[in-house]
2 protein chains.
Amino acid sequence: MLLSIEPDGPVPIYQQIRDRIVEAIARGRQPAGSALPPIRQLAVDLGVNFHTVNKGYDLLRQEGLLRLGRKSGAVVRRDASSGPPDPGWAQDWTSRLQTLLAEAAAQGMPATGIAGECQAALADFAFPAAVAEVRNRGGGSP
Amino acid sequence: MLLSIEPDGPVPIYQQIRDRIVEAIARGRQPAGSALPPIRQLAVDLGVNFHTVNKGYDLLRQEGLLRLGRKSGAVVRRDASSGPPDPGWAQDWTSRLQTLLAEAAAQGMPATGIAGECQAALADFAFPAAVAEVRNRGGGSP
DNA sequence: CCATTTGTTCTATATATTATATAACAAACA
DNA sequence: TGTTTGTTATATAATATATAGAACAAATGG
């Protein structure tokens, strides 16, 4: 089972598809270059219309995460190792992060608890190994 | 200006109202017990229908953040100092956090950057002062 | 070249959500 | 008693979501 969906939940199906794929990319289960199921096949697997899957894929393309080709299908375009994010995107994301963390604070979750949940989530993601960590520390390779 | 709204944005107006109030509570600008503007007045201030404001207030009531009374109006029911969150809510919130942080990781934001943004957001919130920080450290007050 | 695979586009329909508008109702308070 | 406030009801229009069927078009491979 590559994806699972809640058809009767409050969040739209195409959005759930988008969310699950974003998480798969972050966790390294779908690295840059890896292929996703064809629209029609995933639609059959999930028991939804193929237009709904198409909408989710198209959303991911707009976000720069997917590359869609006629015969090549859907391929992951970038992941955590593909360079820094777009500044415009970062601004919007920070705004959404503030709202989400504010909700936790208002609901009474302590600062340590919120920070801990963030760290726990990050621990599940596949970040690139640190590289070129030290430069100009007396002279390059021997 | 207590609230500002983007009428033509992608996020519904009633949701924006809810988000801004949640942030005001988290930042301590609307502590538990403080009053919010009456529905009709806020509607006039924002240039929207009062049903839209009512929907935002009602959402906050469902989330346990507001208490609505006939003549008493809308009063903040809880904030960061009002005790721990509901376990059911925490589970849902954690799920939404994972999706949001996964998006940042997939977009190439480094783990340190994500953690830093979380800390920066938390720094703007009003958490209760630590209390009873040390117990059983050899004997209470002298 | 041909046929298949795959995304893309188009039209249509049904339902739900969002926002506005107007009116009336009901409780709390001075 | 009257005013302030939230609440409920009905109606309408615009937009979003999901499904359905059909056809188109590019890329790939035999």
Side-chain angles (χ1 to χ4, degrees), chain A residues 2-22 30 32-78 96 99, chain B residues 2-22 30 33-78 99:
Chain A
L2 186 46
L3 275 184
S4 82
I5 296 297
E6 296 180 49
D8 296 334
V11 39
I13 300 175
Y14 78 93
Q15 182 77 46
Q16 293 185 47
I17 294 173
R18 177 265 182 197
D19 289 346
R20 296 298 89 75
I21 294 176
V22 166
Q30 287 285 169
S34 67
L36 270 68
I39 286 177
R40 289 172 178 82
Q41 179 188 322
L42 183 54
V44 171
D45 291 352
L46 297 178
V48 301
N49 192 272
F50 81 94
H51 285 113
T52 306
V53 176
N54 187 41
K55 198 170 179 179
Y57 277 20
D58 195 61
L59 220 185
L60 289 161
R61 183 187 56 75
Q62 291 174 25
E63 300 183 54
L65 293 177
L66 278 195
R67 190 164 30 102
L68 303 179
R70 299 265 172 171
K71 187 68 179 296
S72 39
V75 175
V76 177
R77 195 174 110 94
R78 66 153 302 141
R96 283 180 283 143
T99 302
Chain B
L2 186 48
L3 274 182
S4 82
I5 295 298
E6 297 182 47
D8 297 334
V11 40
I13 299 175
Y14 77 93
Q15 182 77 47
Q16 294 185 47
I17 293 173
R18 176 265 182 197
D19 289 346
R20 294 302 86 76
I21 293 176
V22 166
Q30 288 283 168
S34 66
L36 270 68
I39 287 177
R40 290 170 177 84
Q41 178 187 323
L42 182 54
V44 171
D45 291 352
L46 297 178
V48 302
N49 191 271
F50 82 92
H51 283 114
T52 307
V53 176
N54 186 38
K55 197 169 178 180
Y57 276 21
D58 196 62
L59 220 186
L60 289 161
R61 183 188 56 77
Q62 290 175 25
E63 300 182 55
L65 293 178
L66 279 196
R67 190 165 31 104
L68 303 179
R70 297 265 170 170
K71 187 69 178 300
S72 40
V75 175
V76 176
R77 194 173 111 94
R78 65 153 304 144
T99 303

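Keep in mind the model is a prediction, meaning the values are calculated, not measured. Note that these values count all heavy atoms, side chains included, but never hydrogens, waters or copies made by symmetry.
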key: Terminal axis angle for the helix from C:dC1-D:dG30 to C:dA30-D:dT1, five pairs an end, nearest 10 degrees   =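 So the angle between the two local helix axes works out to 30°.
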message = Taking CD in A:E6 as the centre, count heavy atoms belonging to other residues, nucleotides or ligands within less than 6.0 Å. Is the count above 12?
response =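 Atom CD in A:E6 is not packed in, count stays at 12 or less.
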Find out whether [X] and [Y] are in side-chain contact, i.e. whether some heavy atom of one side chain is under 4.5 Å from a heavy atom of the other.
X: A:I5; Y: A:I17; value: yes
X: B:I21; Y: B:Q30; value: no
X: A:L36; Y: A:L42; value: no

Return all side-chain donor-acceptor pairs below 3.5 angstrom for residues 63-73 of chain A, not counting sequence neighbours, or 'none' if the list is empty.
unit_1	atom_1	unit_2	atom_2	d
A:E63	OE1	A:R18	NH2	2.8
A:E63	OE2	A:R18	NE	2.9

request  = Please state whether the phosphate of D:dT19, meaning OP1 or OP2, lies under 4.0 angstrom from any side-chain nitrogen or oxygen of A:T52.
outcome  =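 Yes.
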key: Neighbours of DNA chain C within residues 10-20 of chain A, by heavy-atom distance under 4.0 Å   =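 Going residue by residue through residues 10-20 of chain A, none turns out to have a heavy atom under 4.0 Å of DNA chain C.
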query = Reading nucleotides 4-12 of chain D from the 5' end, what letters show protein touch, with B for base, S for backbone sugar-phosphate only, - for no heavy atom under 4.0 Å?
reply = BBBBBB---
From [atom1] of [X] over to [atom2] of [N], roughly how many Å is that when rounded to an integer?
X: B:D8; N: C:dT18; atom1: CG; atom2: P; answer: 17 Å
X: A:L42; N: D:dA18; atom1: CG; atom2: P; answer: 14 Å
X: B:N49; N: D:dA14; atom1: CG; atom2: C1'; answer: 15 Å
X: A:R67; N: C:dT6; atom1: CZ; atom2: P; answer: 16 Å

ask   = Quick one: salt bridge (charged side-chain N to carboxylate O under 4.0 Å, His left out) partners of B:R61, sequence neighbours excluded?
value =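 Partners of B:R61 under the salt bridge (charged side-chain N to carboxylate O under 4.0 Å, His left out) test: B:D58.
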Qualifying residues under salt bridge (charged side-chain N to carboxylate O under 4.0 Å, His left out), relative to A:R20, sequence neighbours excluded =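 For A:R20 the salt bridge (charged side-chain N to carboxylate O under 4.0 Å, His left out) partners, ignoring immediate neighbours, are A:E23.
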Donor-acceptor list for residues 46-55 of chain A side chains, cut-off 3.5 Å, not counting sequence neighbours:
unit_1	atom_1	unit_2	atom_2	d
A:N49	OD1	A:H51	N	2.9
A:N49	OD1	A:H51	ND1	3.0

ask   = By side-chain contact (heavy atoms from CB on, under 4.5 Å), which residues pair with A:P38, not counting sequence neighbours?
value =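 Result, side-chain contact (heavy atoms from CB on, under 4.5 Å) vs A:P38: A:Q41.
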request  = Please name all residues satisfying side-chain contact (heavy atoms from CB on, under 4.5 Å) with A:V44, sequence neighbours left out, ordered by chain then number.
outcome  =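 A:V44 satisfies side-chain contact (heavy atoms from CB on, under 4.5 Å) with no other residue.
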ask   = With no hydrogens and no angle check, is any side-chain donor or acceptor of A:Q16 less than 3.5 Å from a backbone partner on A:V11?
value =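 Judged by distance alone, yes, a pair lies under 3.5 Å.
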